[in-house]
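Below, all heavy atoms of this structure are taken into account, side chains as well, without hydrogens, waters or symmetry copies. Residue numbers begin at 1 in each chain, while the letters A, B, ... track the order of the sequences.
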Amino acid sequence: MNKNRAEDEPAKKPSLNFIEQKIEKELAEGKHQGRVHTRFPPEPNGYLHIGHAKAICISYGIAEKYNGLYNLRFDDTNPVKEDVEYVDSIQEDIKWLGFDWEDRMYYASDYFDQLYEWVLKLIKEGKAYVDDQSAEEISATRGTPTKPGIPSPHRERSVEENLDLFERMKNGEFPDGAKVLRAKIDMASPNMQMRDPVMYRILHATHHRTGDKWCIYPMYDWAHGQSDYIEGITNSLCSLEFEIHRPLYNWYLDQIVEGKYRPEQTEFARLNLTYTVMSKRKLLQLVEEKHVTGWDDPRMPTISGFRRRGYTPESIRNFADKIGVAKRDNVIDVALLEHAVREDLNKKANRVMAVLDPLKVIITNYPEGKIEELEGINNPEDENAGKRSIPFGREIYIECNDFMEDAPSKFFRLAPGREVRLKYAYFIKCEEVVKDEDGNIVELHCTYDPETKSGSGNVTRKVKGTIHWVECTTALQAEIRLYDRLFISETPDVAEEGKTFLDNLNPDSLKTVTAFVEPSVKDAKPMDKVQFERTGYFCVDKDSTAEKIVFNRTVPLRDSWAKQANK
RNA sequence: UGUCCGAUGGUGUAAUUGGCAACACGUCUGAUUUUGGUUCAGAAGAGUCCAGGUUCGAGCCCUGGUCGGACAACCA
């Protein structure tokens, strides 16, 4: 505790990110009557991933910070891509992260009638027209970023004709793609978004909420700002790729806003993570082509995947805090996410001994058949976590790599003639290495020193290493899934020529082993988090049962052994 | 050969709006430790994309470049 320092030096004002600065300025100016109201607007066409988690933490976090409100709004304007399965999972994931939108859950589809009314007004004002051109023609006449577009031959239709045609579009008289409604803005605008953008298209599709009521659906741009306006959103935060849409967002608002209030769009850089694919399309492909077991596969960067993997909501929110908010493109090292997980789990996860790669050790001077109960501390970081009993006996398993036959002097663990401490138990000394006819090590014969019992306090000599172990006859068996990163490339999205991101898949992203675990884990419930001593953080799988205990590896322990070994 | 946006240690984010570039992760060193974990103490590492300008003083302001990103779905 740096109490003294805190008293001597005035606490440094925590720095604000650019969105917070903007909001504080607005607040100071009395904009929006001092209200802050944000929203998170996912399209229900996939599961939420860690990138969405960042966006949620920003939008909702800002509202919380300034005592404002936040909404959840499903941006469901494209029925052919959307599904209720996603609506449900999105709600579950946001709740799990710890955010509560109370009764403010909306759908863009709630506003279809209002949107229709408003667009009629635009048509009457000569600001929108029905275009009969095909999608290809519209695309071809839009021009390029450096060449102006060519006005549609239907651009100057009369208001009456537009009204009639649009009415008939709505009534289902035309097939998909036959006509669209376009805003009449500027076909020569240097901003491609302003070249008479499509406002409505014909889609004879059943919407997951409005059913068959509509066969024309609004485009994102025409729905989004208006939805913000309807909901009283003050700050509409989105990612950078919508920056170029902002003039259009504002143009549409210009047409409908009455009075002083109007929402304002602000953009920030989306999250990129090393070794991680963040595109919904690609994640969907991983699921559909069965490269993973589902959206909640522990290797997926989805919120549900991380949850199943054993990540905690706190760690994800802390992570979002650490990475900050800015407008420049970024690639965050996954190590930072993993650090946030370890930081949280270190405080919360109870310690347990488990041997993943067993080597049998027989303690030759320990009485046969005797089982002794030793005391273990559940969590040295948390006094309230209590203690547990661990059986010890003549035959135990230790980790294979905790023994080395020809050990260098820097190797602190077991080797012929060397002595180590068994965690919570005794010193043991390796007396004999037993091998089979092929020369493989079968088991170790060791002796223990009864004087060195843990906690006895009468130990005069020191050992350099403490290793974990599990007693053979009382050990439980568990299936351990050692999940590793799904991709071997730091930037799997950037595939070499002739390759796709799938070529960057890690063939070793899942290894399953059967391990021996101390008997106390029989009480573990699905989703419980534990730390296997000296190994890593693990989470009891959601489908784990008493008959078949399954652990997913959340994240390995920070491991400086490897570095030592490389010296 | 357009418009918009961006550029600060390896990574990410700051810099009280013009005042000797800070914090976190990572790296390294040391101490404590019945986890080579945790914790603690310390160190190295950028002179802010480049070139000019304004100023007593520029990462912040101005001018001109360079590099990177976004935009030409009836996706969001």
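Taking 4.0 angstrom as the limit, A:Gln21 places a side-chain polar atom (N or O) nearer than this to OP1 or OP2 of B:rA15. The shortest distance between the side-chain N/O atoms of A:Arg281 and the OP1/OP2 oxygens of B:rA73 is not below 4.0 Å. Between A:Ser15 and B:rA22 there is no side-chain polar atom (N or O) within less than 4.0 angstrom of OP1 or OP2. Between B:rU3 and A:Arg246, no contact under 4.0 Å exists linking OP1 or OP2 to a side-chain N or O. For B:rC75, the OP1/OP2 oxygens have no side-chain nitrogen or oxygen of A:Thr77 closer than 4.0 Å. The side chain of A:Arg351 contributes no N or O atom lying less than 4.0 Å from OP1 or OP2 of B:rU35.
Remark: A:Arg418 CZ is packed, more than 12 non-hydrogen atoms of other residues, nucleotides or ligands lying under 6.0 Å away.
Ring geometry for A:Tyr249 versus A:His224: interplanar angle of 30 to 60°, hence tilted. Using the six-membered ring where Trp is involved, A:His52 and A:Phe40 have ring planes that are perpendicular, over 60° apart on the 30 and 60° scheme.
Taking 90° from 0 as the syn/anti boundary, the base of B:rU17 is oriented syn. Glycosidic conformation of B:rG47 is syn; the angle stays within 90° of 0. With its glycosidic angle more than 90° from 0, B:rA7 is assigned anti.
Nucleic acid contact class of A:Glu399 (heavy atoms, under 4.0 Å, all strands): none. Within the 4.0 angstrom heavy-atom criterion, only backbone atoms of the sugar-phosphate kind lie near A:Asn78; the bases stay farther away. Contact annotation for A:Ala135: base contact, defined as any heavy-atom pair under 4.0 Å involving a base atom. Base engagement by A:Glu533 is indicated by at least one non-hydrogen atom pair under 4.0 Å involving a base atom. Residue A:Ser139 is in sugar-phosphate contact alone, with no base atom involved, counting any heavy-atom pair closer than 4.0 Å across all strands shown. Across all strands shown, A:Tyr424 has heavy atoms under 4.0 Å from base atoms, whether or not it also approaches the sugar-phosphate. Within the nucleic acid shown, A:Val325 comes within 4.0 Å of sugar-phosphate atoms alone, with no base atom in reach, counting heavy atoms only. No engagement by A:Glu267 is indicated, since no non-hydrogen atom pair under 4.0 Å with the nucleic acid exists. Across all strands, A:Phe411 comes closer than 4.0 Å to base atoms (heavy-atom distances). In this structure, A:Leu336 reaches the sugar-phosphate backbone alone: every heavy-atom distance under 4.0 Å involves primed, P, OP1 or OP2 atoms, never a base. Across all strands, A:Gly149 comes closer than 4.0 Å to no nucleic acid atom at all (heavy-atom distances). No contact: A:Val463 has no heavy atom under 4.0 Å from any strand. Among the atoms of the strands shown, none is found under 4.0 Å from any heavy atom of A:Tyr200.
The side chain of A:Asp75 lies closest to B:rA76 when the candidates are B:rG2, B:rC5, B:rA76. For A:Arg534, the listed nucleotide lying nearest its side chain is B:rU35; candidates were B:rU35, B:rG2, B:rA72. The A:Val198 side chain lies nearest to B:rC74 when the options are B:rU35, B:rA70, B:rC74. For A:Ile244, the listed nucleotide lying nearest its side chain is B:rU3; candidates were B:rU3, B:rG6, B:rU38. Nearest nucleotide to the side chain of A:Arg558, out of B:rU27, B:rA76, B:rU3: B:rU27. Of all nucleotides listed (B:rA76, B:rC5, B:rA14), B:rA76 comes nearest to the side chain of A:Phe242.
Nucleotides B:rU35 and B:rA43 have their C1' atoms positioned 26 Å apart, rounded to a whole Å. Across B:rG53 and B:rA58, the matching P atoms stand 12 Å from one another, rounded to whole Å. B:rG45 and B:rA22 have their P atoms separated by 13 Å, given to the nearest Å. Rounded to a whole angstrom, the distance from the C1' atom of B:rU8 to that of B:rA14 is 10 Å. Nucleotides B:rC4 and B:rU38 place their P atoms 49 Å apart, quoted to the nearest Å. If you take atom P in B:rC61 and the same atom in B:rU29, they sit 41 Å apart, rounded to whole Å. Annotation: B:rU17 and B:rG9 have their C1' atoms spaced 24 Å apart (nearest Å). Rounded to a whole angstrom, the distance from the P atom of B:rA31 to that of B:rG57 is 49 Å.
Ion pairing between A:Glu243 and A:Lys327 holds under the 4.0 Å rule for side-chain N and carboxylate O. The existence of a salt bridge linking A:Glu264 and A:Lys22 is confirmed by a sub-4.0 Å separation between a basic side-chain nitrogen and an acidic carboxylate oxygen.
Contact of A:Ser454 with B:rU34 (side chain to base): a donor-acceptor pair of N or O atoms is detected under 3.5 Å. No hydrogens or angles were tested; on distance alone, a donor-acceptor pair under 3.5 Å links the side chain of A:Arg328 to the base of B:rU8. For B:rG37, the base has a donor-acceptor partner in the side chain of A:Glu381 [N/O atoms by modelled type, under 3.5 angstrom]. Contact annotation: side chain of A:His245 to base of B:rA76, donor-acceptor pair present below 3.5 Å. If you check distances only, the side chain of A:Arg421 does reach the base of B:rU34 with a donor-acceptor pair under 3.5 Å.
In this structure, NE2 on A:His245 lies 10.0 Å from CD on A:Glu267, to the nearest 0.5 angstrom.
Not less than 6.0 angstrom separates the ring centroid of A:Tyr275 from the ring centroid of A:Phe487. In this structure, the ring of A:Tyr220 has its center less than 6.0 angstrom from the ring center of A:Phe242. Between A:Phe268 and A:Phe18, a ring centre-to-centre spacing not shorter than 6.0 Å is recorded.
Both A:Ile323 and A:Gln531 sit near RNA chain B, but only A:Ile323 has its closest nucleotide nearer the 5' end.
Considering A:Tyr129, A:Tyr116, A:Phe174, A:Phe166 in turn, A:Phe166 is the only one that fulfils the ring-ring contact (aromatic ring centres under 6.0 Å, His included) rule with A:Tyr200.
Remark: B:rC56 base-pairs with B:rG19; criterion is Watson-Crick or G-U wobble with both hydrogen-bond distances under 3.5 Å.
Considering only heavy atoms from C-beta on, A:Met105 comes within 4.5 Å of A:Gln91 through its side chain.
The stretch residues 175-190 of chain A comes close to RNA chain B through A:Gly177, A:Val180, A:Pro190, each having a heavy atom under 4.0 Å from the strand.
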